[in-house]
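When a residue number appears, it is its place in the shown sequence, counting from 1.
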Amino acid sequence: MYLVAIAWIYVVLLMSMTEVSLIAGVMTFLLYCVFPLGIILYVMATPMRRRRRQAQEKSLRTTTLANEVDPTKANDEST
């Protein structure tokens, strides 16, 4: 995924260097590279972010369940 992104950045950088003015080159780079590539990489990374969030929630749940006190044992100890 990142190899294609790096290649696209290279192609658009060369395109922007051939523009007539600096402003046109910057706009070409922003409009053909930065904005579309940012959106595409964000969308393509969504499953990875979802898996990471679910793993964090699962570890939090298991930690919370392991630290909870069993109510039946708490009543037995107090009497």
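Between Ile39 and Pro36, the closest side-chain pair of non-hydrogen atoms is not below 4.5 Å. Counting heavy atoms from C-beta outward, Gln56 and Leu60 have side chains that stay 4.5 Å or more apart.
With sequence neighbours left out, the side-chain contact (heavy atoms from CB on, under 4.5 Å) criterion links Leu41 to Met1, Ala5, Leu37.
Note: the hydrophobic cluster containing Ile6 does not contain Leu13 (ILVMFWY, side chain heavy atoms under 4.5 Å, direct or indirect links). No chain of hydrophobic side-chain contacts below 4.5 Å, direct or via other Ile, Leu, Val, Met, Phe, Trp or Tyr residues, connects Tyr42 to Val12. Under the 4.5 Å side-chain heavy-atom criterion for ILVMFWY residues, no single connected hydrophobic cluster contains both Val11 and Val4. Cluster membership for Met17 and Ile9, using ILVMFWY side-chain heavy atoms within less than 4.5 angstrom, is shared. Val43 and Leu3 are assigned to two separate hydrophobic clusters, defined by single-linkage of ILVMFWY side chains at heavy-atom distances under 4.5 Å.
The CD atom of Glu57 lies 6.0 Å from the CZ atom of Arg53; values are rounded to the nearest 0.5 Å. If you take NZ on Lys58 and CZ on Arg51, they are separated by 14.0 Å, rounding to the nearest 0.5 Å.
Ile23 CD1: 12 or fewer foreign heavy atoms inside a 6.0 Å radius. Heavy-atom contacts from other residues, nucleotides or ligands closer than 6.0 Å to CE of Met15 number more than 12.
Heavy atoms only, all atoms of each residue included: Trp8 and Tyr32 are closest at NE1-O, 2.9 Å.
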Under 3.5 Å, which donor-acceptor pairs do the side chains of residues 24-31 form with other protein atoms, sequence neighbours left out?
residue	atom	partner	partner atom	Å
Thr28	OG1	Glu19	OE2	3.2
Thr28	OG1	Ala24	O	2.8

